[in-house]
Enquirer: 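Below are the structure tokens for one structure; questions will follow.
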2 protein chains.
Amino acid sequence: MVVETVPSQAEVDQIFHALADATRRDILERVIGREQSVSTLGRAYAMSLPAVQKHVGVLERAGLVSKHRAGREQHVRAEPERIALARELLGRYEELWRTRIAAMDRLLAEDPTEQKE
Amino acid sequence: MVVETVPSQAEVDQIFHALADATRRDILERVIGREQSVSTLGRAYAMSLPAVQKHVGVLERAGLVSKHRAGREQHVRAEPERIALARELLGRYEELWRTRIAAMDRLLAEDPTEQKE
DNA sequence: CGTTTCTACAACCATCGGGTTGCAGATTAC
DNA sequence: GTAATCTGCAACCCGATGGTTGTAGAAACG
């Protein structure tokens with residue numbers, strides 16, 4: 001069963017903004033289905049650790065990952081439901097597209113001379 | 001049949017960045033299945049026309065809309081395939097998630113004492 | 001023709017984004 | 001206790017973004 005909560009525009013902004021960076025998408029890929037510590041992630045990229053921390057922070061605020069402390073290290077975990085939500089949002093556009101196209105076809109079939117404004 | 005072209009990271013950046021703004025998402029919604037001129041779009045928002053033009057430009061560079069001149073006015077049209085592409089990209093994450101989870105389950109079933117590094 | 005409308009582009013400004021370095025707190029290892 | 005590791009945060013730099021105003025070209029209307 002699909003969760004029916006409608007996220008705010010600001011939340012949607014955050015989700016897509018978080019996805020609009022190759023490093024963040026790569027981090028997301030790495031932690032899907034297998035948690036990784038922040039420092040482990042940090043070693044994977046040619047940038048400073050604070051930079052990676054910031055990326056994780058952006059993903060976390062978007063709800064795409066969550067952090068869980070395990071001793072002195074912090075584990076990053078993907079949140080698949082949030083990813084699914086983003087996909088559903090895009091699905092709405094496609095649904096809207098089909099609806100509009102269908103409506104247009106129906107209109108043309110009913111009365112080819114009329115123009116809907 | 002699904003088009004199998006793999007977009008560059010920069011293209012994916014552009015696509016998600018274009019989607020990370022409420023005004024742009026609204027523009028996209030408006031032009032799905034029904035073209036609209038730039039000035040018509042401009043009248044719909046509480047901002048200057050150049051601002052709306054810029055938003056359309058961002059959507060256009062991301063491939064989510066295209067512009068077509070009709071006399072003196074320019075019509076903006078949504079590109080549903082590009083939206084579908086974005087959705088498929090997110091679908092890859094979910095697929096990866098299922099794959100990883102399945103692999104983990106299989107590993108645990110085969111040898112519960114071993115820990116994969 | 002002149003006027004209006006639709007569009008485009010340049011310049012400017014404030015804010016944000018992604019990167020850096022440096023410092024400090026907690027936890028683990030020795 | 002001391003040292004090493006993992007993390008977090010603040011300050012800073014610079015390029016990109018999102019908005020503005022102003023100017024100008026091209027097409028439609030009178």
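Values below: all heavy atoms of this structure, side chains included; hydrogens, waters and symmetry mates excluded. In what follows, chains carry the letters A, B, and so on, assigned in the order in which the sequence lines appear, proteins first and then strands, with residues in each chain numbered from 1.
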Enquirer: Just wondering, do B/I15 and A/F16 contact through their side chains at under 4.5 Å, heavy atoms?
Expert: no

Enquirer: Can you measure B/R43 atom CZ to C/dC6 atom C1' for me and round it to whole angstrom units?
Expert: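 After rounding, the gap between these two atoms is 9 Å.
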
Enquirer: Can you name the residues that form a side chain to side chain contact (heavy atoms under 4.5 Å, CB included) with B/A51, not counting sequence neighbours?
Expert: B/M47, B/S48

Enquirer: Any non-hydrogen side-chain atom of B/L85 less than 4.5 Å from a side-chain atom of B/P7?
Expert: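 The answer is yes, as the side chains (C-beta and beyond) meet within the 4.5 Å cut-off.
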
Enquirer: Could you tell me, to 10°, how much the axis swings from one end of the helix from C/dC1-D/dG30 to C/dC30-D/dG1 to the other, five pairs per end?
Expert: 20°

Enquirer: What residues from residues 10-20 of chain B pass a heavy-atom cutoff of under 4.0 Å to DNA chain D?
Expert: B/H17

Enquirer: Does B/H75 reach the side chain of B/Q36, with side-chain heavy atoms less than 4.5 Å apart?
Expert: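 A side-chain contact is absent here, since even the closest heavy-atom pair is not under 4.5 Å.
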
Enquirer: Would you say the side chain of A/S39 lies within less than 4.5 Å of the side chain of A/R43, judging by non-hydrogen atoms?
Expert: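 They are in side-chain contact.
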
Enquirer: Under 4.0 Å between a side-chain N/O of B/S48 and OP1 or OP2 of D/dT20, yes or no?
Expert: yes

Enquirer: For B/D21 and C/dT15, what is the distance between atoms CG and P respectively, to the nearest whole Å?
Expert: 18 Å

Enquirer: Would you say A/L19 and B/V12 make side-chain contact, with heavy atoms under 4.5 Å?
Expert: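 A/L19 does not reach B/V12 side chain to side chain.
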
Enquirer: Can you find a side-chain donor-acceptor pair between A/Q53 and A/H55 that sits under 3.5 Å?
Expert: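 Side-chain D/A pair, A/Q53 to A/H55: absent.
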
Enquirer: Which residues in residues 23-36 of chain B have a heavy atom closer than 4.0 Å to any atom of DNA chain C?
Expert: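 Residues of residues 23-36 of chain B under 4.0 Å from DNA chain C: none.
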
Enquirer: Within the 4.5 Å heavy-atom criterion, are B/H68 and B/R77 side-chain neighbours or not?
Expert: yes

Enquirer: Is the closest basic N to carboxylate O distance between A/D21 and A/R25 below 4.0 Å?
Expert: no

Enquirer: Which pairs would a plain distance check flag for residues 92-99 of chain B, meaning a side-chain donor or acceptor within less than 3.5 Å of a matching protein atom at least two apart in sequence or in another chain?
Expert:
| from | atom 1 | to | atom 2 | distance (Å) |
| --- | --- | --- | --- | --- |
| B/E94 | OE2 | A/R87 | NH1 | 2.7 |
| B/T99 | OG1 | B/E95 | O | 2.9 |

Enquirer: Counting only side-chain nitrogens and oxygens, does B/R61 get under 4.0 Å of the OP1 or OP2 atom of D/dT17?
Expert: no

Enquirer: Report yes or no: does A/R61 contribute a side-chain atom to a donor-acceptor pair with the main-chain N or O of A/Q14 at less than 3.5 Å?
Expert: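 Pair absent, no side-chain N/O of A/R61 close to backbone of A/Q14.
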
Enquirer: Provide the closest heavy-atom pair for A/D13 versus B/A20 in the form atom of the first, atom of the second, distance.
Expert: O-CB, 3.7 Å

Enquirer: Is it true that B/E11 and B/R82 have a side-chain N and a carboxylate O under 4.0 angstrom from each other?
Expert: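 A salt bridge links B/E11 with B/R82.
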
Enquirer: Using the 3.5 Å cut-off, write out each protein N or O paired with an N or O of nucleotides 7-12 of chain D and the distance between them.
Expert:
| from | atom 1 | to | atom 2 | distance (Å) |
| --- | --- | --- | --- | --- |
| D/dT7 | OP1 | A/V38 | N | 3.4 |
| D/dT7 | OP1 | A/Q74 | N | 2.5 |
| D/dT7 | OP1 | A/Q74 | O | 3.2 |
| D/dT7 | OP2 | A/S39 | N | 2.4 |
| D/dT7 | OP2 | A/S39 | OG | 2.9 |
| D/dT7 | O3' | A/Q74 | NE2 | 3.4 |
| D/dG8 | OP1 | A/K67 | NZ | 3.3 |
| D/dG8 | OP1 | A/Q74 | NE2 | 2.4 |
| D/dG8 | N7 | A/Q53 | OE1 | 3.4 |
| D/dG8 | N7 | A/Q53 | NE2 | 3.2 |

